[in-house]
Amino acid sequence: MINTQQLRQEQTEKAQQIILTDQFTAPTYIAGADVGFEDGGAVTRAAIVIMHYPSFDILEYQIARIPTTLPYIPGLLSFRECPALMAAWQLIKQKPSLIFVDGQGIAHPRRLGVASHFGLLVDTPTIGVAKSRLCGIDKSVNEEMGSKEPLMDKNEQIGWIYRSKKKCKPLYISPGHKVSMEGTLQWVELCMKGYRLPEPTRWADGIASNRRLFEQLNKNKL
DNA sequence: GCGACAG
DNA sequence: ATCTTGTCGC
């Protein structure tokens with residue numbers, strides 16, 4: 001039996017520890033982290049990719065597989081994915097100075113999305129890059145690439161709605177841990193290379209999805 | 001009470 | 001998230 005009440009309470013308390021200031025200098029190594037599932041959801045697979053900035057050369061990537069412990073419950077995603085992310089993190093040899101996590105940062109009902117939660121666990125700056133909205137007012141964004149609107153919730157900014165590419169659904173980015181609201185937008189912009197997703201997230205996404213396409217692309221890039 | 005709801 | 005080929009649109 002899952003005590004969701006208790007988990008929500010735990011998030012509320014941990015959220016108090018999230019730092020929203022840039023506690024790092026220009027990163028040399030940036031990581032992308034994402035999670036996928038196998039066996040109909042029975043196995044959770046986490047992938048972390050380490051890239052050099054600004055060349056975006058892939059230095060290392062690790063994949064961890066562990067049994068899935070919780071079902072997907074909106075708002076409690078971090079409890080489902082962090083165990084696998086931690087497993088992948090322990091396999092990584094080159095620790096990054098900034099991590100792009102697939103999912104929300106503080107743009108969360110209790111201000112502790114998976115990006116914030118994971119950043120807190122590994123004590124590393126993180127940015128949440130989500131492909132859809134969890135909470136906050138879904139304002140429409142200008143069609144032009146690079147356009148953005150503050151993502152507001154309860155009268156405060158919790159992130160940005162960012163048009164990373166024309167004719168594509170906008171991204172919902174938010175500070176995870178130790179990154180400011182401005183730094184969040186800045187780093188995402190610096191990591192864009194013409195695709196909807198910033199490089200770290202794009203590669204972590206491809207590897208976590210286990211696409212042979214990416215496995216092939218890896219050969220060319222490594 | 002009703003609708004919304006990261007991956 | 002995942003099951004999955006071709007296909008319509010820019």
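Chain naming here is simple, since letters A, B, ... match the order of the sequence lines and numbering starts at 1 in each.
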(message) What does the 5'-to-3' dot-bracket notation of DNA chain B look like when only Watson-Crick and G-U wobble pairs under 3.5 Å count, and pairs to other strands show as |?
(response) .......

(request) Treat primed atoms plus P, OP1 and OP2 as sugar-phosphate and everything else as base, then score nucleotides 2-7 of chain B 5' to 3': B for base contact with protein heavy atoms under 4.0 Å, S for sugar-phosphate contact only, - for none. (result) --SBBB

(request) Can you see which heavy atom on Ile158(A) is nearest to which on Gly136(A), and at what distance? (result) CD1-CA, 4.3 Å

(request) Search all heavy atoms of Asp102(A) against all heavy atoms of Val114(A) and return the closest pair with its distance. (result) O-CG1, 3.7 Å

(message) For a quick check, with a 4.0 angstrom heavy-atom cut-off, what is the B/S/- contact string for nucleotides 5-10 of chain C, read 5' to 3'?
(response) ------

(request) Taking side-chain contact (heavy atoms from CB on, under 4.5 Å) as the test, write out the residues that go with Asp123(A), two or more places apart. (result) His177(A), Lys178(A)

(request) Consider only side-chain N and O atoms of Thr21(A) and Ser180(A), and report whether a donor and an acceptor are under 3.5 Å apart. (result) no

(request) Please name all residues satisfying side-chain hydrogen bond (donor to acceptor under 3.5 Å, both in side chains) with Ser78(A), sequence neighbours left out, ordered by chain then number. (result) His117(A)

(message) Taking salt bridge (Lys or Arg N to Asp or Glu O under 4.0 Å) as the cut-off, I'd like each qualifying pair that reaches into residues 161-171 of chain A, sequence neighbours left out, listed once.
(response) Glu144(A)-Lys166(A)

(request) Measure from NZ or CZ of Arg133(A) to the centre of the six-membered ring of Tyr172(A), then state whether that distance is under 6.0 Å and the direction lies within 45° of the axis. (result) no

(request) Name all pairs fulfilling the salt bridge (Lys or Arg N to Asp or Glu O under 4.0 Å) condition that reach into residues 104-117 of chain A, sequence neighbours left out, sorted by first residue then second. (result) Arg111(A)-Asp153(A), Arg111(A)-Glu156(A)

(request) Would you confirm whether the ring centroid of Tyr195(A) sits within less than 6.0 angstrom of the ring centroid of Trp203(A)? (result) no

(message) Counting only heavy atoms and a strict 4.0 angstrom limit, can you tell me which residues of residues 116-127 of chain A come near DNA chain B?
(response) none

(message) Taking transitive links into account, so neighbours of neighbours count too, which hydrophobic residues share a cluster with Leu91(A) at under 4.5 Å side-chain distance?
(response) none

(request) Have a look at Tyr29(A) and tell me which of Leu98(A), Ile50(A), Ile99(A) forms a side-chain contact (heavy atoms from CB on, under 4.5 Å) with it. (result) Ile50(A)

(message) Which residues pass the side-chain hydrogen bond (donor to acceptor under 3.5 Å, both in side chains) test with Tyr162(A), not counting sequence neighbours?
(response) none

(request) Return the minimal non-hydrogen interatomic distance between Ile63(A) and Ala47(A), and the atom names on each side. (result) CG1-CB, 4.2 Å

(message) Which heavy atom of Gln104(A) sits nearest to which heavy atom of Leu134(A), and what is that distance?
(response) NE2-N, 3.5 Å

(message) Under 3.5 Å for both pairing distances: what stems, at least three Watson-Crick or G-U pairs long, include DNA chain C?
(response) none

(message) Going by the rule side-chain hydrogen bond (donor to acceptor under 3.5 Å, both in side chains), which residues pair with Lys139(A) if we only count those two or more places apart in sequence or in a different chain?
(response) Glu149(A)

